[in-house]
Number of protein chains: 2
Amino acid sequence: MARKPGSKAEITGPRIRAAALRLFARHGYAAVSMRQIATEVGVQAGALYLYTPDKQTLLFELMRGHMEDLLAALAAEVQPADPVAALEGFTRFHIRFHAARSDAVFVSYMELRNLEPANFARLEGLRRSYEDRLEAILQSGQRAGQFAVPDTKLAALALIAMLTGVNTWYREGGRLSLATVEAHYWDMVRKAMGAVG
Amino acid sequence: MARKPGSKAEITGPRIRAAALRLFARHGYAAVSMRQIATEVGVQAGALYLYTPDKQTLLFELMRGHMEDLLAALAAEVQPADPVAALEGFTRFHIRFHAARSDAVFVSYMELRNLEPANFARLEGLRRSYEDRLEAILQSGQRAGQFAVPDTKLAALALIAMLTGVNTWYREGGRLSLATVEAHYWDMVRKAMGAVG
DNA sequence: GTCTATACGAGGATAGAC
DNA sequence: GTCTATCCTCGTATAGAC
């Protein structure tokens, strides 16, 4: 509304982030040049530096944004008191959320090694928070005698790896609908945790 | 034995591949320069081109070598006729083999997008062979009524993702021994597939 | 806010000496 | 078989015009 004539700042910024995310996911952070990103957006390379101090920060902000969206979306879900129902909710949430943002997921898992140590540490903290949410569900179910899990930490990591793996092959319009995928994974998750009730 | 005096060809080649694998795993293919690899080995950059036509081929040969070692090692395992025992064998084999070669595993999964299309296709074929071996086990168990798996293809992909995920956190000398990890994962795999008998 | 022009370093790969 | 020297391209980032 208050946009000044000739100013495109409010639209160029998001377009830069979108182009960078797509290109990073496709070719990898190190293989993508600032010139490529600029071309994609339709501006000159120098203009990118009005929106990010450098390439590293651009990458980090994409990854941080993704992880914070993930945590916020998880927090917004209603979590059932029953651990089995809570685990089903987490399973379906994880598959749905990740399937809808495959580029961000890919970048956030693959480009960790290209982050400077300080940025890496911040992102690891966010990732850890997410894992802890799942582990808490497993622990409460274990205490209630509804799960049979020898090691909740290990089980949480195993489940997340399994669920995130969906992204390596799932494509909209493929052999299986997302609802079917969710159902089949929930079947495996439920059984793997020895869920009863 | 027949090594000519002054010739180090038979030792330099493997050292180049080892250094490249380590560096690619650490920093990513695109982020590693031929000069870095040469420095690691203790030769000049130009000398690398006596052992590989270019950087792309060096990457591809590392990945192909890893996948062929994997398939050969799997083929060398004795596969029990009983599907449940075969699945346990596969589970333990996968964890053990991958834990022992974390760099090669990392590179083979992360650098697929940096392969030229022809090389990518060849590697996908090898990966597919490996997945098919697991799916065959699941199918035979399903036919025998010993597994309860709604979709063997999907289950095979889910299990491989879960098992390969071990590599993201397992470190020798950590909280859990590899034998314990194997046992806990086998417990989850067995239950997830609804194994009986 | 975006452009052009450019500084400056590093990249892959090759030629020819030893 | 390895080295030195070099070609040429491309990278990130900045300065200053409009």
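Every chain is numbered from 1 and lettered A, B, ... according to where its sequence line falls, protein lines coming before strand lines.
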For [X] and [N], what is the distance between atoms [atom1] and [atom2] respectively, to the nearest whole Å?
{"X": "A:Lys55", "N": "C:dG9", "atom1": "NZ", "atom2": "P", "answer": "19 Å"}
{"X": "A:Asp54", "N": "D:dA13", "atom1": "CG", "atom2": "C1'", "answer": "9 Å"}
{"X": "A:Ile11", "N": "C:dG1", "atom1": "CD1", "atom2": "C1'", "answer": "14 Å"}
{"X": "B:Tyr49", "N": "C:dG11", "atom1": "OH", "atom2": "C1'", "answer": "9 Å"}
{"X": "B:Ile37", "N": "C:dA13", "atom1": "CD1", "atom2": "P", "answer": "10 Å"}
{"X": "B:Leu48", "N": "C:dG11", "atom1": "CG", "atom2": "C1'", "answer": "14 Å"}
{"X": "A:Tyr29", "N": "D:dG11", "atom1": "OH", "atom2": "C1'", "answer": "12 Å"}
{"X": "B:Gln36", "N": "C:dG11", "atom1": "CD", "atom2": "P", "answer": "7 Å"}

Closest-nucleotide 5' rank along DNA chain D - winner of A:Ser33 and A:Pro53: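 Looking at DNA chain D, the more 5' nearest nucleotide goes with A:Ser33.
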Nearest of [options] to any side-chain atom of [X]?
{"X": "A:Ala47", "options": "D:dA13, C:dG12, C:dC3", "value": "C:dC3"}
{"X": "A:Leu50", "options": "C:dA13, C:dG1, D:dT12", "value": "C:dG1"}
{"X": "A:Met34", "options": "D:dT12, D:dT6, C:dT14", "value": "D:dT12"}
{"X": "A:Thr12", "options": "D:dT12, D:dC3, C:dT2", "value": "C:dT2"}

salt_bridge(B:Arg128, B:Glu124) N-O dist < 4.0 Å: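 Judged by the 4.0 Å cut-off on N to carboxylate O distance, B:Arg128 and B:Glu124 do not form a salt bridge.
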Okay, side chain of B:Gln56, backbone of B:Asn114: is any donor-acceptor separation there less than 3.5 Å? yes
Keeping A:Glu111 on the side-chain end and A:Tyr29 on the backbone end, is there a donor-acceptor pair under 3.5 Å?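 Yes, the answer is positive, given that a donor and an acceptor are paired below the 3.5 Å cut-off.
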So does [X] get a side-chain nitrogen or oxygen closer than 4.0 Å to the phosphate oxygens (OP1/OP2) of [N]?
{"X": "B:Tyr51", "N": "D:dT2", "answer": "yes"}
{"X": "B:Arg35", "N": "C:dA10", "answer": "no"}
{"X": "A:Gln44", "N": "C:dT2", "answer": "no"}

Quick one, B:Arg15 and B:Val43 - any side-chain contact, counting heavy atoms below 4.5 Å?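 With C-beta onward as the side chain, the pair stays apart.
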Where does the angle between the aromatic ring planes of A:His98 and A:His66 fall among parallel (under 30°), tilted (30 to 60°) and perpendicular (over 60°)? perpendicular
What's B:Val41 touching, base or sugar-phosphate or nothing? Going by heavy atoms closer than 4.0 Å. nothing
